[in-house]
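See below for the structure under consideration.
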Amino acid sequence: MANNCIFCKIITGEIPAYKIYEDNDFLVTLDINPVNQGHSLVIPKIHFVNIFDAPEEITAKIGPIVKKLAQAIKAGVKADGLNVVINNDQAAGQLVPHAHVHLIPRFEGDGFTHWHGKGGETPADFANTQNSIKKVILSHIFQDSILLAIDS
Ligand code: AMP
Ligand code: ZN
């Protein structure tokens, strides 16, 4: 529970919300300003900001709950598809600093366009980017990764 966190207040019941699901670890509510009908937020009950400071025991549970709720929402509003989105940090569009996953139902012809690639990357640019990221992966994150080690 963080002071003045709007999602912590939804979890404690201080602020009302259109809840559609709740278990020990997550609360799922309709987004107050939906992109499309059924736009929902999967909110972990413990306060952390985003993917970068997420406890492992919660990240391990995100896949199953996202799948379950995505199926329910898609069927519930008869959507044609659904986007799963997490905005991490301000530069990525995160407005509420309590981690959450957006489940956004999509309808044929709903008019939303996807991100457009900037283009212009040369093979050298790709190789540089690939190496920068792989260096971090190999040295910090997955030191035992066979897949990346054999490919480096
Ligand atoms: P983000 O930019 O990923 O941080 O998205 C925050 C989302 O929270 C936005 O889509 C808001 O519409 C939504 N939101 C903010 N306040 C509430 C609230 N009280 N109940 C439900 N959704 C909310
Ligand atoms: Zn919070």
Side-chain angles (χ1 to χ4, degrees), residues 1-123 125-130 132-134 136-137 140-142 145 147-148:
M1 175 77 187
N3 277 345
N4 279 327
C5 171
I6 197 158
F7 288 173
C8 282
K9 287 181 179 171
I10 287 176
I11 287 153
T12 59
E14 233 178 293
I15 288 180
Y18 294 98
K19 299 174 195 173
I20 56 172
Y21 175 88
E22 188 169 359
D23 63 23
N24 287 336
D25 300 304
F26 298 97
L27 183 150
V28 185
T29 178
L30 297 183
D31 193 295
I32 202 71
N33 187 22
V35 166
N36 264 335
Q37 184 197 6
H39 179 178
S40 302
L41 304 172
V42 178
I43 307 174
K45 285 190 169 175
I46 57 167
H47 181 94
F48 58 93
V49 175
N50 59 33
I51 201 83
F52 301 120
D53 66 341
E56 291 298 326
E57 76 265 21
I58 297 299
T59 51
K61 291 174 177 170
I62 289 206
I65 184 159
V66 161
K67 179 176 178 179
K68 186 155 58 174
L69 268 294
Q71 287 173 322
I73 292 164
K74 183 170 184 260
V77 299
K78 298 184 169 43
D80 301 310
L82 184 140
N83 289 117
V84 177
V85 177
I86 307 178
N87 300 321
N88 297 285
D89 289 345
Q90 208 176 331
Q94 184 176 12
L95 298 174
V96 176
H98 179 133
H100 52 282
V101 182
H102 293 259
L103 301 179
I104 306 175
R106 296 296 303 274
F107 302 89
E108 294 294 348
D110 63 17
F112 294 111
T113 57
H114 280 274
W115 291 318
H116 297 291
K118 285 182 184 170
E121 294 265 314
T122 65
D125 292 332
F126 281 117
N128 272 336
T129 306
Q130 181 184 33
S132 305
I133 298 169
K134 281 173 69 176
V136 179
I137 291 173
H140 296 299
I141 298 185
F142 296 121
S145 171
L147 181 67
L148 285 162

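A17 and T29 get closest at one heavy-atom pair: CB-OG1, 3.4 Å. Taking every heavy atom of both residues into account, T59 and A54 meet most closely at CG2-CB, 3.5 Å. Residues I46 and P55 share a closest heavy-atom pair of CD1-CG, 3.7 Å. Contact record, R106 with F112: NH2-O, 3.2 Å, taken as the closest heavy-atom pair.
With hydrogens and angles ignored, the 3.5 Å screen pairs a side-chain donor or acceptor of S40 with a backbone N or O of G38. The main-chain N or O of V85 is never found under 3.5 Å from a side-chain atom of N83 such that the two would form a donor-acceptor pair. In this structure a side-chain-to-backbone donor-acceptor pair under 3.5 Å is present from N36 to P105. In terms of modelled atom types and a separation under 3.5 Å, the side chain of Q94 and the main chain of D89 share a donor-acceptor contact. A distance-only check finds a donor-acceptor pair linking the side chain of N88 to the backbone of I51 [under 3.5 Å]. Formation of a donor-acceptor pair under 3.5 Å by the D53 side chain with backbone atoms of V49 is found in this model. A donor-acceptor contact shorter than 3.5 Å links the side chain of D23 to the backbone of F26.
Applying the salt bridge (charged side-chain N to carboxylate O under 4.0 Å, His left out) criterion to E22, with sequence neighbours excluded, gives K45. Looking at residues two or more places apart in sequence or on another chain, you find no side-chain hydrogen bond (donor to acceptor under 3.5 Å, both in side chains) involving S132. Residues meeting the side-chain hydrogen bond (donor to acceptor under 3.5 Å, both in side chains) test with Q37, sequence neighbours left out: none. Not counting sequence neighbours, N128 has no partner by the side-chain hydrogen bond (donor to acceptor under 3.5 Å, both in side chains) test. Looking at residues two or more places apart in sequence or on another chain, you find no side-chain hydrogen bond (donor to acceptor under 3.5 Å, both in side chains) involving D80.
Within a 6.0 Å radius of CD in E108, other residues, nucleotides and ligands contribute 12 heavy atoms or fewer. Counting heavy-atom neighbours within 6.0 Å of Y18 OH, excluding the residue itself, gives a total of 12 or less.
To the nearest 0.5 Å, atom CG of residue L103 and atom NZ of residue K67 are 14.0 Å apart. Here the CG-NE2 distance, from L27 to H100, works out to 13.0 Å after rounding to the nearest 0.5 Å. In this structure, the separation between CG on L95 and CD on Q90 is 8.0 Å, given to the nearest 0.5 Å. Rounded to the nearest 0.5 Å, atoms CG (D25) and CD1 (I62) are 10.0 Å apart.
Considering only heavy atoms from C-beta on, F7 stays 4.5 Å or farther from I15 through its side chain. Here the side chains of N50 and I86 are not in contact, with every heavy-atom distance at 4.5 Å or above.
For the ring-ring contact (aromatic ring centres under 6.0 Å, His included) condition, the pairs that include at least one residue of residues 28-49, sequence neighbours left out, are H39-H102, H47-H98.
The residue from I43, V101, V42 that alone fulfils the side-chain contact (heavy atoms from CB on, under 4.5 Å) condition with V28 is V42.
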